[in-house]
There are 2 protein chains.
Amino acid sequence: MNSSKSNIKKQVSEPTLRRLPVYLYFLEKVREDGIINISAPTIGKNLKCDSTQVVKDLAVTGIKGKPRVGYNTYELIHALEDYLGFNRTNEAFLVGTGNLGSALMAYQENQSLGIKIIAAFDTNEKKIGTHVGNIHVLEYKKLFHLAERLNVKIGIITTPNEVAQDVAEDLMNCGVKAIWNFTATILDLPGKIIVQNTSLSTSVAVMLRRLNDSEKITN
Amino acid sequence: MNSSKSNIKKQVSEPTLRRLPVYLYFLEKVREDGIINISAPTIGKNLKCDSTQVVKDLAVTGIKGKPRVGYNTYELIHALEDYLGFNRTNEAFLVGTGNLGSALMAYQENQSLGIKIIAAFDTNEKKIGTHVGNIHVLEYKKLFHLAERLNVKIGIITTPNEVAQDVAEDLMNCGVKAIWNFTATILDLPGKIIVQNTSLSTSVAVMLRRLNDSEKITN
DNA sequence: ATTAATTAAAGAAATATTTCCTTAATAGCG
DNA sequence: CGCTATTAAGGAAATATTTCTTTAATTAAT
């Protein structure tokens, strides 16, 4: 369940990486209010986390804050977007246009997700030929053909669990380097392929357990 | 960004909790194959993680494995479902029936998510009165009225970011104890309210960054 | 029955992550 | 112009998490 290690310079930790978009969204909100500079303690107070952690997290972008002033909001937003790759067009293929797949396609049209789904694939004949927004649902077989022309690095799997492994291998063979996996299947792929598992059950599990814990405590 | 601490017995760590549904899904697959007993090393090999970790994770359920035999698949599945609360009907309200909200409603009809959305709310008049599967979309105002009768503990927020805080407070005032927050807003609520943040941007951020890292390494 | 191999469990060590502490910088204020 | 309060940065300590090691149990094979 772990990722490989870089030999050039050590990878930024996952907890830190997961916090960066949170800072980014907060800073965007702050910028709208016309705030030019913001300090780590202020960010920490708003986001309910330690100011030291804020400083260390933001340090990965290379941006330096000024003592007594804090960080330049605009500069920091840019650096975060750049670091996270949100300012590039990260093109992606999506496989499996069920509820979740369709939702992701529709969702990214409004909400900026950081990636742009350029084509969706399905084996269900009823789905093929339809489109969500301006993304067309193509026959799954065409994945290989399309991948030749377009140099897509990211694949999204929103298929039933049973076919996830096969789809993942196909995507890999089409040149995909990173897979966003919404199924409950643990994909067995070479270590060089980045796999991001986003199973909804995982979140539910944590929440339900915490709820259960809290109910047992007499407040 | 942290949760409160139990004073009765120490909480199970989040990494462990996040792995439990992964074991559960794997075991369900294994059970279908008619396998009665399975060892931690076998689970570890399949899920690509350390066998010691498997043993420690599964220990939280209270199930004991037998040396030289492993765990009883059936017993373990039951214990995990019970521990995670997946075998209970965890009723939930959903607020915000946009793309993501609708998808969640449709999704849970097929895929067992561990929770059951019993009513959805929106302020958009075009949405009110419609239904996804057999879940009706109701006027947001009716949340308070409905909450009086039904004792719903879980709230799901799939609204635009701007209104998330207000919705969260309303849900809390309606007796909701746990909130599954899909927005990028960091909710400011009393510590006793369980908040599970599932921002899609977070996953994308981690994936894009790892992809970027891997491209810089000469394999 | 005895032995050998496998395995879970419990504890120790290693690693990762967060929090704390000190230092140096600097802008605002007198 | 110097002092003070605030702050980022860097390193140290504390905590959390994972991995390693040892031990004891138990089943299968002889």
Side-chain angles (χ1 to χ4, degrees), chain A residues 1-7 9-20 22-23 27 30 35-73 75-76 79-80 202 206 209-210, chain B residues 1-7 9-20 22-23 27 30 35-73 75-76 79-80 206 209-210 213:
Chain A
M1 298 181 180
N2 257 321
S3 45
S4 62
K5 203 196 278 184
S6 156
N7 38 2
K9 60 175 174 177
K10 79 163 194 290
Q11 267 195 162
V12 169
S13 78
E14 175 136 352
T16 296
L17 233 34
R18 295 179 69 89
R19 281 189 296 265
L20 295 183
V22 178
Y23 298 127
L27 290 166
V30 155
I35 293 164
I36 295 163
N37 291 303
I38 191 163
S39 72
T42 306
I43 297 172
K45 257 162 235 150
N46 279 281
L47 266 35
K48 296 194 220 358
C49 61
D50 195 69
S51 76
T52 313
Q53 189 161 68
V54 175
V55 172
K56 295 213 162 146
D57 286 343
L58 298 180
V60 304
T61 65
I63 296 297
K64 303 269 180 189
K66 276 187 189 166
R68 182 96 206 182
V69 175
Y71 300 90
N72 178 275
T73 316
E75 192 182 27
L76 198 50
L80 279 168
T202 301
V206 176
R209 187 61 227 171
R210 295 297 184 220
Chain B
M1 297 182 182
N2 257 320
S3 46
S4 62
K5 202 197 280 184
S6 157
N7 39 3
K9 61 175 175 179
K10 79 164 193 289
Q11 269 196 159
V12 169
S13 78
E14 176 136 350
T16 296
L17 234 33
R18 296 178 70 89
R19 282 188 297 266
L20 295 183
V22 178
Y23 298 127
L27 289 166
V30 154
I35 293 164
I36 296 164
N37 291 302
I38 190 162
S39 72
T42 308
I43 297 173
K45 258 162 233 149
N46 279 279
L47 265 37
K48 296 193 216 4
C49 61
D50 195 68
S51 77
T52 314
Q53 189 161 68
V54 175
V55 172
K56 293 212 164 147
D57 286 343
L58 297 180
V60 304
T61 65
I63 296 297
K64 303 269 179 188
K66 275 187 190 167
R68 180 101 207 178
V69 175
Y71 300 90
N72 178 277
T73 316
E75 192 181 27
L76 198 49
L80 278 168
V206 176
R209 187 61 228 172
R210 295 295 184 222
D213 284 342

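Because the structure is predicted, anything quoted here is derived from the model rather than measured. Each chain gets a letter, A, B and so on, in the order its sequence line appears, and its residues count up from 1.
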**Report entry** Atom pair distance, as rounded to whole Å: CG in B:Asn37 and C1' in D:dT26
**Finding:** 13 Å
Report summary line: Between OH of A:Tyr71 and P of D:dT7 the distance, given in whole Å, is 12 Å
**Report entry** Most 5' of B:Thr52 and A:Ser13 on DNA chain C, judged by nearest nucleotide
**Finding:** B:Thr52
Query raised in the report: Between D:dA16 atom P and B:Leu17 atom CG, what is the distance in whole Å?
Result: 16 Å
Query - Those residues that, when tested against B:Val55, pass side chain to side chain contact (heavy atoms under 4.5 Å, CB included) (two or more places apart) - result: B:Ala40, B:Tyr71
**Report entry** Gap between atoms CG and P, on A:Asp50 and D:dT15 respectively (whole Å)
**Finding:** 14 Å
Report task. Measure the distance from NZ on A:Lys48 to P on C:dT18 and round it to the nearest whole Å. Result -> 18 Å
Report summary line: To the nearest 0.5 Å, atom CZ of A:Arg209 lies from atom CG of B:Leu20 at 9.5 Å
Report summary line: Those residues at least two apart in sequence (or on a different chain) that pass side chain to side chain contact (heavy atoms under 4.5 Å, CB included) with B:Asn72 are B:Ile36, B:Asn37, B:Tyr74, B:Glu75
Query raised in the report: What's the closest nucleotide to the A:Pro15 side chain, out of D:dA8, C:dG11, C:dT17?
Result: C:dT17
Report summary line: Angle separating the five-pair end axes of the helix from C:dA1-D:dT30 to C:dG30-D:dC1, nearest 10°, is 10°
Report task. Nearest whole angstrom, please: distance from the P of C:dT26 to the CG of A:Asn72. Result -> 16 Å
Query raised in the report: Which of the following nucleotides, C:dT19, D:dT18, C:dA8, is nearest to the side chain of B:Arg19?
Result: D:dT18
Query - Reported CD1-to-OH distance for the pair B:Ile43 and B:Tyr23, which is rounded to 0.5 angstrom - result: 7.5 Å
Query - Nearest to side-chain heavy atoms of B:Val55, which nucleotide of D:dT19, C:dA8, D:dA8 - result: C:dA8
Requested in this report: Identify, with sequence neighbours excluded, every residue that meets side chain to side chain contact (heavy atoms under 4.5 Å, CB included) alongside B:Ser39.
Outcome: B:Pro41, B:Thr42
Query raised in the report: When rounded to the nearest 0.5 angstrom, what is the spacing between CG in B:Leu76 and CD1 in B:Ile38?
Result: 9.0 Å
Requested in this report: Can you measure from CZ (B:Arg19) to CG (B:Leu17) and round to the nearest 0.5 angstrom?
Outcome: 10.0 Å
Query raised in the report: In whole angstrom, what separates A:Glu14's CD from C:dT18's C1'?
Result: 16 Å
Requested in this report: Look at the side-chain N and O atoms of A:Gln53 and state whether any lies under 4.0 Å from the OP1 or OP2 oxygen of C:dT19.
Outcome: yes
Side-chain donor-acceptor pairs of residues 60-70 of chain B under 3.5 Å, sequence neighbours excluded:
residue: B:Thr61; atom: OG1; partner: B:Leu58; partner atom: O; Å: 2.7
residue: B:Thr61; atom: OG1; partner: B:Ile63; partner atom: N; Å: 3.3

Report summary line: Rounded to whole Å, the CG-P distance (B:Leu58 to C:dA9) equals 9 Å
Report summary line: From the candidates C:dC20, C:dA12, C:dA8, the one with an atom nearest any side-chain atom of B:Lys56 is C:dA12
Query - Under 3.5 Å donor-acceptor, B:Ser51 side chain and B:Gly44 backbone - result: no
Requested in this report: Using a cut-off of strictly less than 4.0 Å between a heavy atom of the residue and any atom of DNA chain D, enumerate the qualifying residues of residues 61-68 of chain A by number.
Outcome: A:Lys64, A:Gly65, A:Lys66, A:Pro67, A:Arg68
